[in-house]
Student: 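Supplied in C-alpha cells, the structure appears directly below.
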There are 2 protein chains.
Amino acid sequence: MGKVFGRVSDGVFRQEVPVELRQLRYFVAVAEERSVTRAAARLHITQPPLSAQLARLEHEVGVPLLGRHNRGVELTEAGEELLVHARRLLAGVDAATDAVRRVGQGRTGRLGLAFVAASAWSVLPPLLAQLRADLPDVTVDLVQAGPDEVVEHVRAGRCDLGLVHLLPQPPVDRDLDVAVVDREPLVAVLPRAHPMASGERADLASLAAETFLAPTRTPRGALHPHLVAACRLAGFEPDVREVGLAQTVVAFVGAGLGVSVLPASAGSVCGEGAVAVPLRLNAPVVETALVRRRGSAPSPVTRRFLRLAMSTPEPDVLGPALARRPRS
Amino acid sequence: MGKVFGRVSDGVFRQEVPVELRQLRYFVAVAEERSVTRAAARLHITQPPLSAQLARLEHEVGVPLLGRHNRGVELTEAGEELLVHARRLLAGVDAATDAVRRVGQGRTGRLGLAFVAASAWSVLPPLLAQLRADLPDVTVDLVQAGPDEVVEHVRAGRCDLGLVHLLPQPPVDRDLDVAVVDREPLVAVLPRAHPMASGERADLASLAAETFLAPTRTPRGALHPHLVAACRLAGFEPDVREVGLAQTVVAFVGAGLGVSVLPASAGSVCGEGAVAVPLRLNAPVVETALVRRRGSAPSPVTRRFLRLAMSTPEPDVLGPALARRPRS
DNA sequence: CCTTGCCCATATGTCCGACGTATGGCCAGC
DNA sequence: GCTGGCCATACGTCGGACATATGGGCAAGG
C-alpha cells in the first residue's frame, strides 16, 4: 500500500483521484454488513475488487476507515463519520435525480398561461382542475388579457401558452403552433323579453333588423368576426355595435340594448336578463385553441400540459372533440 | 452505444447504471461554460468523451439536460434543476471528505480523560490549554477520580486516557501503555510555624519524629508509597496518618496537624498555613503519566493528544523531561 | 500444539468503459 | 455558397474494475 517514494505524511502525493459514488455505495454496504465478504455478496460482486475499492477510498480520503479483523471489519471513528455523510450524500443523489426527472417530465415546474376572458367560462376551469389533479406540483401563472395581448405574450416568450378563440379563417402564423382544445357552436343571445327568446331554436335571419352587440373588434379578436360571419351566412349584414368584452355584451343584451351571437358557453353567464338560444341551422363553430411559440422547444411542463389538454375529452357541445396532432 | 434490442423510449433498458460523481463534475463544467468544447478544455480532456459522458448522464436520469446549438449548449429546465443539485452534492462530498479527514487526523472528536485530583495542580491545566489552542474542535470529557478508578476507567474503555502518578516501582501492566508526561521532585510540606519552614532546604531525617500526613493508601495511590519511600531513604520509618486526598493533607498540615512529603506542585496550593520546602538532597522524583488501554488501537484524537502531550515541553522542575516511547 | 475455518489481502488475467484521434454534419455569419 | 465553430459519431488504445486463484492471519476446537 505504501509507495516506496514519497513521505507517508498526509497531503503528499494526493494526485487528484476524486472520490466516486461507487466507492461510497460500497463503503456503506461494508459498514452495514461489518464484513467485506458479506457486503460483496450483497453488491453482487466478489470480495477482492471490493477490498480494492475500499483501499482506494481510504487512500483518497487519506485516513483509515476500517479496522480489519479475522472476524470481519469494524469502523474507525473516521469511518463512522464517513458513514453518516455517505448515507446522506447517496440519498441526496437519489433525491436529486428524482427532482430532475420530475422537472424533465413536466411533473414539477411553472407554466405561464395567458388567456382571454371568455375562455374562463368554458375550457379554462376544467383544464386547470385537471392540471391540479394530475400535476399538483406544477404552478400555473395565469395572465388574463385581450386576444392580441395573449398572442403577443406568447410570441415574446413571456408566457408558455396562450388560450384564444380562433378567427373564422385563421391566418397562418409561421411562428406559432396551434392546438384546438374546444369547439362550441354559436348561439343567439337575446333579451328574456324578446319574442324569439322562448323558442327552441333561433332563426338568425329574422333578427336582421336588430342592433347586434359585439365584443370590440381587434386584429386577433375572433368573436366579432364570428358574429358578422354568422349573420352573413344567414343572409344579411348586421348593424354591429362594439361594447367591449363578451361579458359586457351579455350584460347589455340583458339590459335590452340589443341582441348578439356568441359561443355557446356564453349561456352560462347570461344571468337574469338574457337567454342563449341555439341557432336553427348551420350554426358556425368557434374553436378555442392553445397557441405556443414555435421557435424554441417547449418546456416539459408545456408539453405535459398540451398532452393533458389534447387527451382530455373536453365538454364539447358538438360531440367528441378531434384530438389534433398527437405529437410533432 | 444503442443495443440492437430494446426500444429507445425512455425508461426501458434502465439497466442499473448509477450516476457517478464524474458525470456531475463534468456536467457542472459544461453548464458553467455553456459549451462542451470549452468545458472539455477546462477539464483537461477532449470533447468527444465529454459528450459521451453527458449523453450517458442524460440516459441515466432519463430526461434531456442540454439543448445543443451550433453556438454551444443551453440548459433545459431539468438541466437547471440538476445544476443546483449537482453543485450542492459536489460541495457536500468535499465537506464530507474534509470532515472525515479531520476526524481521522484527530482534529475533531471527543476524548475521555480520567485524572487524579493532584494532577489538576500540575500537568493537567497546561495540557488542556494546549489542547484547546491546537485542536479547538476536540471535546474533552473530563472525569476526576481516585487512582484506582482512573485505571479502571481506562481498562474498561470508558475513558481513552488516564492521568495518574506512577508508583515508586511501577508494576508491569501488560494491558496498559504508559507515557510519562511530567516529573516532579518531592518536597517537604510543613506548617508555616515549623522551625524548618524558613530554611532553603529541608532535611527529611530531622523530621523523623513528626507525624506524617499522607493521602489514603490504595493499590494505585502513588503518593503514600512515595512518602514512605522518601522517609526510608532518609533513614527512618515514618509515623503515617492517612487523611484522604493530597489537598486535604496540605490543609491539615496548614492546620498544624503534622508534616508531609508531596510532589513539588503541592506547593502551589499551600495557602496560608503551610509551606513547601525542597528536600536537601536525593529528592525522589514522582512521575505523572498518561495511561492507555493497549488492546485496541487508539482513537485518532487519542493519538493526537498523546503526540501533543509528549512533544510539549512540560514545566519540569528537574529540567527537560525525557520524552519516552515516541510511538509503539 | 496443531488443525480447521473464516475472512481479508495479494496476484493475475479479462473485459468493459473512459479517453484520444479522426471525421462528419449542422448552422450562423461573411 | 463558403468558411468557421461546435457538437456527434466512429474507432483504436489503455487503464481500471471485476473475477478466479491463492496466501496469510487469527480464533475456535480437537
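Every chain is numbered from 1, with letters handed out A, B, ... down the list of sequences. Owing to the predicted nature of the structure, the values given are computational and were not obtained by experimental measurement.
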Student: Look at the side chain of N70(A) and the base of dC26(D), then say whether one donor and one acceptor between them are separated by less than 3.5 Å.
Tutor: yes

Student: Tell me which nucleotide among dA18(C), dA17(D), dC7(D) gets nearest to the side chain of R22(A).
Tutor: dA17(D)

Student: Where the side chain of T37(A) is defined as all heavy atoms beyond and including C-beta, which of dC7(D), dC19(C), dC8(C) is the nearest nucleotide?
Tutor: dC8(C)

Student: What parts of residues 41-48 of chain B reach DNA chain D, counting only heavy atoms under 4.0 Å away?
Tutor: Q47(B), P48(B)

Student: Using OP1 and OP2 only, check whether a side-chain N or O of R71(B) sits under 4.0 Å from dC7(D).
Tutor: no

Student: Does H69(B) or R56(A) map to a spot on DNA chain D nearer the 5' end, using the closest nucleotide for each?
Tutor: H69(B)

Student: Looking only at the side chains, is there a donor atom on one of R88(B) and H85(B) sitting less than 3.5 Å from an acceptor on the other?
Tutor: yes

Student: Run the numbers on E80(A) and T76(A) for side chain to side chain donor-acceptor pair (under 3.5 Å), then give the verdict.
Tutor: CA-CA 6 Å; E80(A) 296 282 2; T76(A) 63; over 6 Å; no

Student: OP1, OP2 of dA8(D) versus side-chain N and O of R68(B): anything below 4.0 Å?
Tutor: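 The answer is yes; a side-chain N or O of R68(B) sits under 4.0 Å from OP1 or OP2.
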
Student: Return no unless some side-chain N or O of Q23(B) is found under 4.0 Å from OP1 or OP2 of dA18(C).
Tutor: no

Student: Specify the separation, in whole Å, of atom CG of L66(A) and atom C1' of dA9(C).
Tutor: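 Those two atoms, CG and C1', are 13 Å apart.
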
Student: Measuring to OP1 and OP2 of dC6(D), would you say a side-chain N or O of S35(B) lies under 4.0 angstrom away?
Tutor: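 No, no such contact exists.
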
